[in-house]
Each structure stands twice: as structure tokens, then as C-alpha cells.
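The next block holds one structure in the form of C-alpha cells; read it before the comments.
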Amino acid sequence: MSTPAEHHQSAPQIAQGTEHAQGAAIKAIPLRHPWRVIIAVVLVAFIAIFVADASQRADYGWADVGKYIFDKRISQAALITLELTVYSMVIAIVLGLLLAIMRLSPNPVVKGIAWLYLWLFRGTPVYVQLVFWGIVSLIYPVLTIGIPFGTPWVSIPNDVFHNLFVTAIIGLALNEAAYMSEIVRAGLLSVDEGQEEASRALAMSWGQTMRYVVVPQAMKIIIPPTGNEVISMLKTTSLVAAIPLSIDLYGVSRGISAVTFTPVPLLIVASLWYLLFTSVLMVGQHFIEKRFSRGTGRRKADKEPDGGGGTTTAVAGTPLGAPTLGGQLTGTDFGGKR
Amino acid sequence: MSEASVSTSLPMVHADCVSKSFGSNKVLRSISLTVNRGEVLCIVGPSGSGKSTFLRCINHLERVDAGRLAVEGQLVGYRQKGDKLYELKPKEAAFQRRDIGMVFQRFNLFPHLTAVENIIQAPMRVKRMSKSAATARARELLERVGLGDKADYYPAHLSGGQQQRVAIARALAMDPKLMLFDEPTSALDPELVGEVLDVMKELAASGMTMIVVTHEMGFAREVADSLVFMDGGVVVEAGAPGEILGNPQHDRTKAFLSKVL
């Protein structure tokens with residue numbers, strides 16, 4: 001009985017408060033932050049001095065930077081770097097998903113193997129791994145199929161690793177798969193157990209549950225760190241020099257500078273290309289993240305403040321109501337999807 | 001209900017000395033009960049009494065350790081050959097669940113799918129229904145639970161009561177013979193409980209066999225054909241809801257009811 005009475009009393013108070021806030025805006029002298037200004041000025045000054053100095057410093061060879069930045073050899077090498085990134089990431093994601101599922105398997109041997117893989121490939125430097133893949137064809141010159149220690153049925157020369165481009169992709173992908181598997185595993189584990197249970201109670205199989213219920217929800221957790229991994233991979237491709245493969249962006253710019261004796265301008269050229277790619281990837285990641293947060297409450301929370309504090313009271317007063325608000329939100333969600 | 005007893009002699013659910021442990025913790029100790037076709041059974045009891053676990057055993061979300069549990073005469077989770085029991089393959093267990101709908105305390109709707117998409121998943125994936133047929137049926141069911149206008153809403157944009165009604169519609173989409181409700185109103189704000197109970201009452205009136213784990217004594221008194229009071233993994237008292245709620249025999253029942261009524 002007391003609750004409705006209280007509610008009635010408090011309601012006009014809230015309304016009054018809002019009226020005050022709307023009626024007369026507070027005019028107060030804002031708090032000054034002198035140190036913010038001083039620090040900012042000092043930092044900008046430092047940067048300005050550095051830039052002014054760098055623009056004049058002969059070692060940077062800005063003329064050479066301009067000369068080589070759109071050099072055809074460089075742009076082709078940039079394409080190779082992109083290809084290395086895309087191919088190795090695609091393989092790493094597929095392999096990572098497989099390893100993640102293996103680690104969640106009830107079979108202790110399967111689980112153990114996945115763990116061992118992770119331990120090995122995450123525990124050794126990728127540079128060392130790439131050197132290893134570069135010489136693996138010396139260790140295994142022929143690949144054989146047959147009974148172990150018996151006469152082989154089929155032997156094929158181990159040609160795969162003679163193609164250094166393919167070797168680079170294998171080396172990068174196998175290393176990255178270890179990291180991807182942890183990301184995918186975290187994503188799968190983030191999905192509430194009740195989801196799997198509900199799906200099972202509806203007589204859906206394990207595969208259907210994973211495909212239609214668990215994985216789509218896990219994507220929200222998996223996508224952001226995967227974007228980071230792509231950006232990281234783009235830069236890691238420069239390590240293929242360990243194989244040694246030298247047709248990538250860094251390899252080619254190094255090759256040119258070895259002939260012209262101008263290492264610094266070519267380092268800058270390579271860096272500018274890497275920066276261009278990572279910038280584009282960062283923008284892309286932003287949009288993919290937005291897309292995969294569909295159907296979550298977070299977007300709603302993002303939008304509501306725009307409606308103003310005034311609606312908050314209305315929503316709280318009528319929990320079932322607010323059909324306009326709900327309709328609006330669903331509308332946007334739908335638009336995003338179709 | 002008289003009609004049902006004519007059509008078949010097999011009870012919908014028959015539990016005979018069902019026991020279940022989690023490690024050393026005995027959650028169910030020799031539960032025996034029978035639910036006939038078209039009957040509504042309410043299970044009440046303090047938390048931790050094993051009532052939810054028993055419900056989950058019925059569609060094999062948990063496996064029974066001892067005793068026999070059968071739905072329509074078929075053993076749940078096992079196949080009997082001679083005097084040996086064989087555990088069912090996941091596929092066979094899934095097949096048994098097709099006819100059993102379940103509604104959870106926390107709704108467990110799929111948050112990345114709209115209400116209608118939530119409902120059509122199982123009919124499409126399990127029964128291989130066409131999308132258009134499944135969608136038409138889903139809209140009918142949403143209409144039935146009073147949410148015809150919320151078909152394209154995501155769960156996050158629905159109230160708790162609305163989500164639970166969608167969850168009921170989702171379970172009904174598989175045309176179950178038996179519906180299990182695991183504390184369907186316990187996670188709801190008090191003013192939203194009624195709308196869910198109304199849907200369940202309508203369902204009971206339509207002749208659905210239901211087992212409801214609940215704390216809603218009013219609902220139990222009004223709708224249930226029989227009531228079971230569980231405590232410490234055993235059935236303490238069973239019978240007509242009016243009798244147990246009005247005139248409990250056992251001390252533990254009396255103590256529990258004095259707290260909740």
C-alpha cells in the first residue's frame with residue numbers, strides 16, 4: 001500500500017527537478033586547467049622541432065622517399081605482403097577453429113594434442129619457426145606413404161618447401177593458428193551454457209548447436225582480437241626474410257637500398273606502406289565489429305542517451321510500454337541486417 | 001483426462017526409484033512418480049531439493065544413475081536389450097527430446113536471433129520444415145502467446161515476461177507431447193509473472209501434459225492435477241494440490257508452506 005503513495009509523491013519531484021534544469025541553465029565559471037595547456041604546448045613544441053629537423057636532415061633522403069614510394073617494385077612487393085597476410089590468416093583461422101574445438105573435446109588425447117601444438121608454436125619465436133620451415137626440405141627430402149620402417153608405397157619429393165612463398169604462408173599460418181585457437185576458444189567459452197542447453201532441449205544436434213547458436217554468438221568476442229591479429233600478421237610478414245623470402249614489402253625495399261646505399265629512405269617507404277594497410281584494416285575492423293554486435297543490448301544503450309534523460313523516466317514508469325522506442329530500435333537492427 | 005486413460009495405458013512419464021548424484025552429493029534419492037497424459041504436475045520444494053535436476057533428467061539433460069525413468073514407456077537416455085542397458089548415442093537422445101519441450105528459468109532465448117527466428121530454428125533444422133512453413137507456424141504461436149506484434153524483435157528488446165512467452169512458443173513449435181517448465185517465473189519481475197502464468201494456464205486447458213517446477217502456489221492450486229513436495233532429493237508428499245496445500249501431513253511440508261504461502 002505504501003509503495004504507490006511513495007511513487008505518487010516522488011513523481012512530481014522528479015518533474016520539478018527536470019523543469020529547473022531545463023528552465024535555467026547553470027552559468028558558472030568553469031574550472032581552469034593551466035597544466036593541461038602547458039603540457040600540451042610543450043609536447044607540440046617538441047614534435048614541431050623534431051619534424052622541422054627531420055625535414056632538413058639529409059640522412060632521411062626525402063627526395064628518395066618520393067622517388068621510391070610509388071616505384072612499381074615496391075607496390076608489387078606490397079601486394080605480396082597483402083597476399084601473405086590474407087592467405088596465412090585464412091589458414092590460421094580455420095586451423096585455429098579446429099584446435100579450439102579439439103581443446104574443448106572430451107577426449108583427453110585430442111585435447112592434449114591441441115595443447116601440445118599450442119605449447120610448441122606459441123612457445124618458440126616465429127622467426128625461429130620460419131628459419132626451420134626454410135630448411136625443412138633438407139630434413140625431409142622425400143615424403144613417403146607406407147608402413148613405417150618398411151618399403152614405401154609412394155614417395156614424392158618434398159617440393160612444397162622449394163616454393164618459398166608457400167613456405168612462408170605455411171610458417172606464418174601454423175604459428176598464427178596457435179594464437180587464433182586461443183581467441184576462438186575464449187569466444188566459444190563466452191557463450192552462456194544455457195544457450196547450448198536450450199538448443200539441445202530443442203533436439204538440435206551438436207553440429208547444429210555450434211553452427212546456428214554458439215558460433216554466431218562467439219563471433220562477437222572473436223572478431224575484435226582477430227582484427228588485431230590481422231594487423232599484427234601484416235607486420236609479422238616482414239620476418240619471412242628468415243626463410244629467406246625477399247619478395248615482400250620489407251624484403252624488396254631492403255634489396256633496393258642494398259644497391260643504392262640509401263637504407264633510411266627505403267625504410268620510410270616501407271613504413272608508409274605498412275601504415276597505409278594497417279590504417280585501412282583498422283577502419284574495416286571498426287565496421288565489422290559494429291555489424292557483429294547486432295541483437296545485443298549494447299547498441300540500445302549506445303542509442304538511448306540521444307533520446308535524452310526525459311524518456312528514461314517514461315520507460316521506467318511503463319516497463320511493458322515504450323513500444324515506439326522498441327519499434328525504432330528493431331527497425332534499425334533490421335535495416336542493418338538486410 | 002478420462003479420455004487420455006482410454007487411449008493408452010502407458011503413462012506419459014513414469015519414474016521408478018530414480019537416483020542421481022553429482023560426485024558424492026546425492027541430489028535425487030529414489031524418486032518414484034507417474035504423470036498421465038493430459039495431466040499437470042507441479043513440483044514444489046526448497047531450492048536444492050533436486051526438483052530442477054529431476055526435470056532435467058526427463059529430457060536427458062542429466063543422466064539418471066539408478067532406477068528407471070521412462071517417457072511413454074520408452075527409457076530415457078538408455079536402450080534395454082535383454083537385461084542390459086545401453087547408453088543412447090547423441091543422435092538417439094536428440095530424437096527422444098523432439099517430443100519434449102522445455103522452458104528454462106532464465107529463458108535462454110538465442111540473443112542473436114529475433115523472436116520469430118528463435119522459434120523457427122528447431123522446426124527447420126530438426127524437422128526439416130521449410131522456412132516459410134516454419135515462419136507461418138511461428139507467427140501463429142506468437143499470436144497464441146499474445147506477442148503477434150513482437151515477431152521481429154530481438155530478445156534484448158523484450159521484457160522478461162515477453163521473452164519467457166517467446167521461449168514457450170519456441171518449445172511449442174516442435175509440437176511436444178510433454179512440456180517441462182523449470183521455474184518459469186522465478187527470474188521475472190513480480191508484475192510480469194501473471195502474463196506467463198496465463199499462457200501456461202491456457203496451455204494446460206488445451207490438454208497439454210505439463211510438469212512444472214514452481215514457487216507459484218496459487219498457480220499450483222488452480223491448475224495442477226497433482227502436486228509433489230520435494231526436499232533433500234526425496235518426494236516428501238504427493239497428492240492433490242488442494243489437500244497438500246490446505247492440509248499438509250509432513251512437518252517439512254508444513255515448514256516450507258508456512259514460509260511461502
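Chain identifiers are assigned alphabetically (A, B, ...) following the order of the sequence lines, protein sequences preceding nucleic acid strands; residue numbering begins at 1 within each chain.
In this structure, A:Leu202 CG and B:Met102 CE are separated by 11.0 Å, a value rounded to the nearest 0.5 Å. Atom CE of B:Met174 sits about 8.5 Å away from atom CE of A:Met204, to the nearest 0.5 Å.
Between chain A and the options B:Asn59, B:Asp189, B:Leu180, B:Leu109, heavy-atom pairs under 4.5 Å are most frequent for B:Leu109.
Remark: the backbone N or O of A:Tyr212 is paired with a side-chain donor or acceptor of B:His112 at under 3.5 angstrom. With hydrogens and angles ignored, the 3.5 Å screen pairs no side-chain donor or acceptor of B:Asn108 with any backbone N or O of A:Gln195.
Taking a 6.0 Å sphere around CZ of B:Phe22, one finds it holds more than 12 heavy atoms contributed by other residues, nucleotides or ligands. No more than 12 heavy atoms of other residues, nucleotides or ligands sit less than 6.0 Å from atom CZ of B:Arg106.
The salt bridge (charged side-chain N to carboxylate O under 4.0 Å, His left out) pairs that include a residue from residues 47-58 of chain B are A:Glu197-B:Arg56, B:Lys51-B:Glu183, B:Arg56-B:Glu62, where partners are two or more places apart or lie in different chains.
In plain terms, the two heavy atoms of B:Ala94 and A:Ala203 that are nearest each other are O-CB, 3.2 Å. For B:Phe104 against A:Ala198, the heavy-atom pair with the smallest separation is CE1-CA, 3.6 Å.
Side chains of B:Phe110 and A:Ser199 form a contact here, defined as non-hydrogen atoms less than 4.5 Å apart.
For residues 93-119 of chain A, a heavy-atom distance under 4.5 Å to chain B picks out no residue at all. Of residues 119-134 of chain B, those residues with a non-hydrogen atom less than 4.5 Å from any non-hydrogen atom of chain A are, in numerical order, B:Gln121, B:Ala122, B:Arg125, B:Val126, B:Arg128.
Residues that satisfy the side-chain contact (heavy atoms from CB on, under 4.5 Å) test with A:Ser205, not counting sequence neighbours, are A:Gln208.
For chain A, the nearby part of B:Ile100 is the backbone; its heavy atoms alone come within less than 4.5 Å.
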